[in-house]
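Just so we're clear, the structure is a prediction, and the values are computed from it rather than from any experiment. When a ligand or atom number is given, it counts from 1 through the structure's own listing order. These values consider heavy atoms only, across backbone and side chains, with no hydrogens, waters or symmetry-generated copies.
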Amino acid sequence: MFNRLQYISQGNTVEEQLYNIHQALDHGCDWIQMRFKNATSEDTFTLAEAVKILCQEYLATFIINDNVALANEIDADGVHLGLNDMGIAKAREILGNSKIIGGTANTFENIQNHVQNGCDYIGLGPFRFTKTKEKLSPILGLEGYQNILNLLKEHQIKTPIYAIGGILTEDVESIIKTGIHGIAVSGLITESNNKTKLITALNEKLYGNVIV
Ligand SMILES: Cc1ncc(COP(=O)(O)OP(=O)(O)O)c(N)n1
Ligand SMILES: Cc1nc(C(=O)O)sc1CCOP(=O)(O)O
Ligand SMILES: [Mg+2]
């Protein structure tokens with residue numbers, strides 16, 4: 001089953017991105033999503049090559065936001081695709097069955113469509129308002145997650161669901177109680193002054209109640 005904590009990278013330059021990703025890996029994160037908006041294709045490729053090597057060194061999962069062609073070209077572990085990005089089925093044709101394809105959802109129907117198209121996990125958000133992403137879908141909150149997770153249970157849909165959007169440490173226990181599999185965070189890890197303490201705390205909350 002997939003790791004329960006995904007760091008979505010931030011940074012305006014290759015150097016900033018690489019620093020933030022290296023920090024997350026060095027302090028215990030084992031799943032990186034490279035999210036490098038408004039960058040040239042050259043800088044994006046340069047970063048992806050470097051991040052792939054880093055993730056191999058740290059035995060971490062490495063996926064790329066939006067860019068299926070790049071993920072295929074550098075043989076990343078997969079991609080994350082939003083509602084306005086390439087379709088899940090098309091990405092699966094390009095990447096094949098061994099790669100991770102994540103999809104963004106805001107509603108139960110979004111999830112149903114992604115699952116029917118072969119999505120491996122769902123990023124369900126936003127939990128609360130966040131400045132990290134410009135165009136947010138309607139905010140779900142804890143009640144929104146509980147309603148959607150209840151519907152997934154009723155329909156016996158077992159695709160892992162990740163909460164995303166403004167998530168803080170104190171949110172994790174209540175989010176996990178709704179049936180969410182894991183969380184995807186960006187600013188919380190990027191801005192932390194004690195990343196080891198933070199990531200350890202997040203992992204304890206995420207894995208603490210898992211019966212192995
Ligand atoms: C795990 C996860 N969930 C949701 C998103 C958002 O993806 P998308 O809607 O394509 O928005 P951008 O990230 O491309 O701005 C994500 N990246 N990761
Ligand atoms: C990339 C992204 N997607 C979202 C969605 O709701 O689809 S919210 C979001 C930003 C996540 O970053 P932070 O943890 O800093 O809020
Ligand atoms: Mg996208």
Between V51 and F62, does a side-chain contact (heavy atoms from CB on, under 4.5 Å) hold up when you go through it step by step? CA-CA 8 Å; V51 175; F62 170 42; 3.4 Å; yes
Compute the ring centroids of W31 and Y7, then answer whether they are less than 6.0 Å apart.
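Judged by ring-centre distance (under 6.0 Å), W31 and Y7 do not meet the cut-off.
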Examine H181 together with Y162 and report whether their ring centres are nearer than 6.0 Å.
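So the answer is yes for these two rings.
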Which ligand 1 atoms are under 4.0 Å away from a heavy-atom of [X]?
X: G123; result: 3 (N)
X: D66; result: 10 (O), 14 (O)
X: G82; result: 8 (P), 9 (O), 10 (O)
X: A184; result: 1 (C)

For ligand 2, which atoms, with element, lie under 4.0 Å from some heavy atom of [X]?
X: G187; answer: 13 (P), 14 (O), 15 (O)
X: V185; answer: 14 (O)
X: G125; answer: 6 (O)

Is any side-chain heavy atom of [X] less than 4.5 Å from a side-chain heavy atom of [Y]?
X: Y207; Y: L202; result: no
X: I64; Y: R35; result: no
X: L142; Y: Q146; result: no
X: I32; Y: T61; result: no
X: T132; Y: Q10; result: yes
X: T104; Y: L81; result: no
X: V185; Y: I8; result: no

To the nearest 0.1 Å, how far is [atom] from its closest protein heavy atom, and which atom is that?
atom: atom 8 (S) of ligand 2; answer: G165 CA, 3.7 Å
atom: atom 14 (O) of ligand 1; answer: K37 NZ, 2.7 Å
atom: atom 2 (C) of ligand 2; answer: I164 CD1, 3.5 Å
atom: atom 9 (O) of ligand 1; answer: K133 NZ, 2.9 Å
atom: atom 7 (O) of ligand 2; answer: K133 NZ, 3.0 Å
atom: atom 15 (O) of ligand 2; answer: T132 OG1, 2.6 Å
atom: atom 14 (O) of ligand 2; answer: S186 N, 2.9 Å
atom: atom 8 (P) of ligand 1; answer: T104 OG1, 3.5 Å

Ligand 2 and [X], any nitrogen or oxygen pair closer than 3.5 angstrom?
X: T104; result: no
X: L188; result: no
X: G166; result: yes

Handout entry: At the Mg ion (ligand 3): angle between D66 atom OD1 and D85 atom OD2, to 10 degrees
Key =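 About 80° at the Mg ion (ligand 3).
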Does a sphere of radius 6.0 Å around [atom1] in [X] hold more than 12 heavy atoms from other residues, nucleotides or ligands, not counting ones at 6.0 Å or beyond?
X: N194; atom1: CG; answer: yes
X: E143; atom1: CD; answer: no
X: N12; atom1: CG; answer: no

Problem - SB check D120 R92 (cutoff 4.0 Å) - result: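 Result for this pair is yes, salt bridge flagged.
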Pairing of D26 and K195 as salt bridge, 4.0 angstrom limit:
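No, D26 and K195 are not salt-bridged.
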| said: Under 3.5 Å between any N/O of I164 and any N/O of ligand 1: does that happen in this structure? | reply: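 Among all N and O atoms of I164, none is under 3.5 Å from an N or O of ligand 1.
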State whether the shortest distance between N or O atoms of Q6 and N or O atoms of ligand 1 falls below 3.5 angstrom.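 Q6 vs ligand 1: no N/O contact under 3.5 Å.
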Considering only heavy atoms, does I8 approach ligand 1 within less than 4.0 Å through its side chain, its backbone, both, or neither?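 The side chain, only.
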query = Does ligand 1 have any atom sitting under 4.0 Å from a heavy atom of K135?
reply =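 Contact check K135 vs ligand 1: negative.
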Open item on the list: Among R35, H80, E134, Q33, which one puts a heavy atom closest to atom 15 (O) of ligand 1?
Closed with: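 Minimum heavy-atom distance to atom 15 (O) of ligand 1 goes to R35.
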- Task: May I ask you to identify, for R35, whether its side chain, its backbone, both or neither come under 4.0 Å of ligand 2 on a heavy-atom basis?
- Result: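 Under 4.0 Å from ligand 2, R35 contributes side-chain atoms alone.
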